[in-house]
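Below is one structure, written out as structure tokens; comments come after it.
In what follows, chains are A, B, ... by sequence order, proteins preceding strands, each numbered from 1. None of the values given here were measured: they were computed from a predicted structure.
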Number of protein chains: 2
Amino acid sequence: MDGRKFKDTIYTGLSKLLKALSNPYRLEIIEMLSQGEKSVEGIVQTTGLSFANASQHLQVMKNSNILKSRKEGHYVYYSLVNNELLYLYQHITKYAINEIAELGKILNQQREDNKSGDAVSLAELKEMIYNNNILLLDVRPPIEYKSGHISGAISIPMNELLEHLKDIPREKEIIAYCRGPFCVLADEAVKLLNEKGYKVRRLDEGYPEWKIKQVEII
Amino acid sequence: MDGRKFKDTIYTGLSKLLKALSNPYRLEIIEMLSQGEKSVEGIVQTTGLSFANASQHLQVMKNSNILKSRKEGHYVYYSLVNNELLYLYQHITKYAINEIAELGKILNQQREDNKSGDAVSLAELKEMIYNNNILLLDVRPPIEYKSGHISGAISIPMNELLEHLKDIPREKEIIAYCRGPFCVLADEAVKLLNEKGYKVRRLDEGYPEWKIKQVEII
DNA sequence: CGCTTATTCAATAAATTTATTGAATATGTT
DNA sequence: AACATATTCAATAAATTTATTGAATAAGCG
């Protein structure tokens, strides 16, 4: 193969992967699937896409080495191909937030609006977790908590938080987390708990970032 | 800003960056600019794009936080916005080569066809470089060597290699490198030097990968 | 077997991206 | 000032991606 043809083939292949990642719905699907595998129905419910449109997006992602699937009865479950893909996705999002001023500003504004501007980093959490006065709170839906969660976290889904306030000790400092840096469930939890007088901060990132750190692929 | 709007804004912003990266010519432009800044003319010559088409691609990249530019007389010079972008580009390419079987196969085939299958990694180079029997050869164009090169490398552009054979000691092992893992200049140099009876291998990566390792951003 | 349901496939419409063409702008030279 | 040159801008054409629609397929149930 001559050099020109080789480069064209390589760059076309790279471009195929990047195109498949370039759609906003698909990026959100990656965030969702980084919590654990999901059926098309689950993806449809969260994204608001039509069944056929979601399926089309999923096929594009599957044909571009982003997702894999398995079938069980009526249902097809999708998941990310591997942890390396998740780590790459995290690198992209972290780069964008840190280096693209507009995006960093939007995230900061969102955090401030919800009183979660003093988010805790994973490194900080690692130190804090030995403190008995810390309560780590997973506010994702139960099915996601069951797929995987940060060690030691308790599960109270955001939409049940109000009913479970009595289960939360007032003297503890709460660290709330959810799906990742753009997940608003933890922001909402911080806002609500703040209003109720609890001492609470959100985790800057989410379960998937913690997971990758545990896997220690680097 | 409500949660839905926030996520839409974030993912739209991420998608804009990824779309701007998703074109094969643009990926090659990034490889070129990772050697150092270049004028539009230089980009036109290497890519074969028309002036106006190249300019349009460059504007898209500039408006998506990938490139920056400066003007000097008639000429406009483009460069990557920062080392972090280059590091992200490298992560993407490394991921694709390692995890997408088709692409890995194409690269391996290219290496074998040019007798450069036993490429030297940067880590290996670091150990080898203290050996006086090693000659590090930069086969990129001189302007790129001048913009930046691996410490200790000598410059012989690939298209002048035949005329400079007499400058290369026969008892040394040569490590040839160029613009990155997809650059074929080093492959061509290995092929030629092999045929002339020299002991030669190529560096797996290129100057930009070396540079990022030096900067030690991680 | 007939009916129901989850998902994919195929075709078409709509939206977006990329290539092309030519004019406009900025800079340099005589 | 006129002319030349590098690049960008604007408009249009062509190519590609995404949304929509409805049929097809696979699996489950009575």
Side-chain angles (χ1 to χ4, degrees), chain A residues 4 7-9 11-30 32-33 37-79 143, chain B residues 4 7-9 11-30 32-33 37-79 143:
Chain A
R4 184 68 260 165
K7 291 192 89 151
D8 285 344
T9 306
Y11 284 122
T12 299
L14 280 174
S15 140
K16 185 184 178 195
L17 171 68
L18 288 163
K19 278 181 182 176
L21 286 169
S22 295
N23 176 280
Y25 290 117
R26 291 186 206 144
L27 290 166
E28 192 164 4
I29 286 167
I30 292 174
M32 288 167 53
L33 296 182
E37 76 170 12
K38 279 191 169 44
S39 67
V40 181
E41 204 172 74
I43 290 163
V44 163
Q45 277 171 13
T46 308
T47 56
L49 289 167
S50 69
F51 240 107
N53 196 6
S55 176
Q56 191 174 33
H57 282 297
L58 292 167
Q59 302 313 309
V60 171
M61 292 166 95
K62 195 171 159 192
N63 292 331
S64 303
N65 303 90
I66 295 172
L67 304 183
K68 62 186 173 182
S69 65
R70 69 178 180 91
K71 192 158 187 183
E72 195 175 298
H74 280 225
Y75 300 95
V76 179
Y77 295 89
Y78 284 86
S79 54
I143 193 171
Chain B
R4 184 67 261 165
K7 293 194 89 154
D8 285 344
T9 306
Y11 284 121
T12 298
L14 280 174
S15 142
K16 186 184 178 193
L17 172 67
L18 288 163
K19 277 180 182 179
L21 288 169
S22 294
N23 176 279
Y25 290 117
R26 291 186 205 145
L27 290 167
E28 193 165 4
I29 286 167
I30 292 174
M32 287 168 55
L33 295 182
E37 77 169 12
K38 279 190 170 44
S39 67
V40 181
E41 205 171 71
I43 290 163
V44 163
Q45 276 171 14
T46 307
T47 57
L49 289 168
S50 69
F51 241 106
N53 196 6
S55 176
Q56 190 175 34
H57 282 298
L58 293 166
Q59 301 314 307
V60 170
M61 291 164 96
K62 195 170 160 193
N63 291 332
S64 302
N65 303 89
I66 296 172
L67 304 184
K68 61 186 174 183
S69 64
R70 70 177 179 92
K71 191 156 186 181
E72 195 178 299
H74 278 223
Y75 299 95
V76 180
Y77 295 90
Y78 284 87
S79 55
I143 193 170

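- Taking A:Tyr11 as the reference, B:Phe182 meet the ring pair (Phe, Tyr, Trp, His ring centres under 6.0 Å) condition, with sequence neighbours excluded.
- For the helix from C:dC1-D:dG30 to C:dT30-D:dA1, the rotation axes defined at the first and last 5 base pairs enclose an angle of 20°, given to the nearest 10°.
- With sequence neighbours excluded, the residues satisfying side chain to side chain contact (heavy atoms under 4.5 Å, CB included) with B:Asn23 are B:Tyr25, B:Arg26, B:His57.
- Between D:dT18 and A:Asn23, a contact under 4.0 Å exists linking OP1 or OP2 to a side-chain N or O.
- Using a 4.0 Å heavy-atom criterion, one finds that A:Tyr78 contacts the sugar-phosphate atoms exclusively.
- By the ring pair (Phe, Tyr, Trp, His ring centres under 6.0 Å) test, A:Tyr77 is found to be paired with no residue, residues two or more places apart in sequence or in another chain being considered.
- Non-hydrogen atoms lying under 4.0 Å from DNA chain D are contributed by A:Ala52, A:Asn53, A:Gln56, A:His57, all within residues 46-68 of chain A.
- Atom CD in B:Glu41 sits roughly 10 Å away from atom C1' in D:dT7 (whole-Å rounding).
- A salt bridge links A:Glu28 with B:Arg4; the closest basic N to acidic carboxylate O contact falls under 4.0 Å.
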In 5'-to-3' order, the base (B), backbone-only (S) or no-contact (-) status of each nucleotide in nucleotides 23-30 of chain D, using a 4.0 angstrom heavy-atom cut-off, is ---SBS--
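- Note: OH (B:Tyr25) to P (D:dT16) measures 12 Å, nearest angstrom.
- Remark: side-chain polar atoms of A:Thr47 are paired, donor with acceptor, to backbone N or O of A:Leu49 under 3.5 angstrom.
- Both B:Val40 and A:Lys19 sit near DNA chain D, but only B:Val40 has its closest nucleotide nearer the 5' end.
- Under 3.5 Å, the side chains of A:Ser22 and B:Ser22 contain a donor-acceptor pair of N or O atoms.
- Put simply, CD1 on B:Ile43 is 9 Å from P on D:dT8, counting in whole angstrom units.
- Nucleotide D:dA6 holds its C1' atom 13 Å from the CD atom of B:Gln45, rounded to whole Å.
- The distance from atom CG of A:Leu18 to atom P of D:dT16 is 18 Å, rounded to the nearest whole Å.
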